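Worksheet for the structure shown next.
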There are 2 protein chains.
Amino acid sequence: VLETVVDEMGVHERRFTLDVGQETVPGLLWTPSTLTDDPRPLVLLGHGGTRHKRYGYILQMARRLVRHLGFAAAAIDAPGHGERHDPARPPGTVDLPAAQVVAEWKATTDFVQGQPGIASGQIGYWGLSMGCSLGVPFVAAEPRVGAAVIGLSGRYEGVRSAARDITCPVLFLCQWDDELVPRDDVLALFDAVGSTDKQLHANPGRHQDVPGREFDAAEVFFRDHLAAAPA
Amino acid sequence: VLETVVDEMGVHERRFTLDVGQETVPGLLWTPSTLTDDPRPLVLLGHGGTRHKRYGYILQMARRLVRHLGFAAAAIDAPGHGERHDPARPPGTVDLPAAQVVAEWKATTDFVQGQPGIASGQIGYWGLSMGCSLGVPFVAAEPRVGAAVIGLSGRYEGVRSAARDITCPVLFLCQWDDELVPRDDVLALFDAVGSTDKQLHANPGRHQDVPGREFDAAEVFFRDHLAAAPA
């Protein structure tokens, strides 16, 4: 099911829902308003704890990928977040098994790549903090992920363990004065990432203070790694 | 004294010598072959231990700054290095006081900015490893330095102490598997840099394996911080 929500400034935004296991997963798909014959590479956007699929930086990242690169972008609410709010699962805590979250992103990829104008090749994943913790098992398990921007995470041994299986190029972010995730844990997660092509960008500031240049860097990173990907 | 050494591919390379204290300091100046009315921002390039003012990556960095940005670049031999080879001062060890090296870079800046076509405003400094250790006191002391790319250093308390006085924007590089400088020492030097606008780029690999993208990043960094500097 795809329904138009917004079409502005050249960005077409549509809503979809997917049934994955026992869960109903609502998502958003952003594409250029004008379809061309060139299929668009897809970037998945994983929001942080207590946020949702249309939170400010998610919408901003989606729109710049569409406007600047002509890419498609998609986001879903994480378990317990956004439309999946559940008093039994407070936002910021995700106790579902990683397998469920991996299945949700896989179903999202399958669905979006089945839409007209979306390239069937390599995709990108962007997710920081909880979006990194939940995204790492997917990035590690899904061979279609050809580039990932992750970071601001590192407290969980399970995530560190899964990170060793990542092989795609990775841009990893660290907030040097992170008050939520100890710096050494973040650096240890970067260290664990299995990819030979990985890079760390660290900036002063607290957990939420990721500077604008890292959104620029993510855009360039996806452009360089996905733009020439086979359709 | 300025004498032409090489003029190729649009880059004019001239040699100069300066008397600084008891030392004679040989240097190279790279500028676009074609002079225009627009004064060129200057970037100083500090080579690493056992290297010299025309070592491969120095020449490469100088030429790309000239060709891609239309900037000027200059390098000098560090004490005991290149033409300043001295059996009493083996390359890689620099026992001259920081004050002498600061004076050499200051004299270089004064001289080059006195040449036709060189902007008198803010300059850049690029130096890794020994080029960072020797450059930090200069970057900290010289208000004309408006942007610095440093890193791969951190073993010396004196350098760490001087770094606290740096205030200009800094791009700091770390080789994650550095076999010469312990990673924690490199990160501690980044931590010490006093600038509010600083960023760390870390890449896998050994001390000498700085990837090409960090030369790209340095170019963009100097372009963004110096291109609009007043002449």
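Chain letters run A, B, ... following the sequence lines, proteins first, then strands; residues in each count from 1. Predicted model only: the values in this text are computed from it and were never measured.
Heavy atoms of Thr196(B) lying under 4.5 Å from chain A belong exclusively to its backbone.
Taking the six-membered ring for Trp and thresholds of 30 and 60 degrees, Trp176(A) and Phe190(B) have ring planes more than 60 degrees apart, a perpendicular arrangement.
One distance of note links CG of Asp197(A) with CG of Asn203(B); it measures 8.5 Å at 0.5 Å rounding.
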Go through the steps to decide whether Leu187(B) and Leu187(A) satisfy the test side chain to side chain contact (heavy atoms under 4.5 Å, CB included), and finish with yes or no. CA-CA 11 Å; Leu187(B) 296 180; Leu187(A) 297 179; 3.7 Å; yes
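At least one side-chain heavy atom of Arg213(B) sits under 4.5 Å from a side-chain heavy atom of Gln199(A).
Atom CZ of Arg164(B) is surrounded by more than 12 heavy atoms from other residues, nucleotides or ligands within 6.0 Å.
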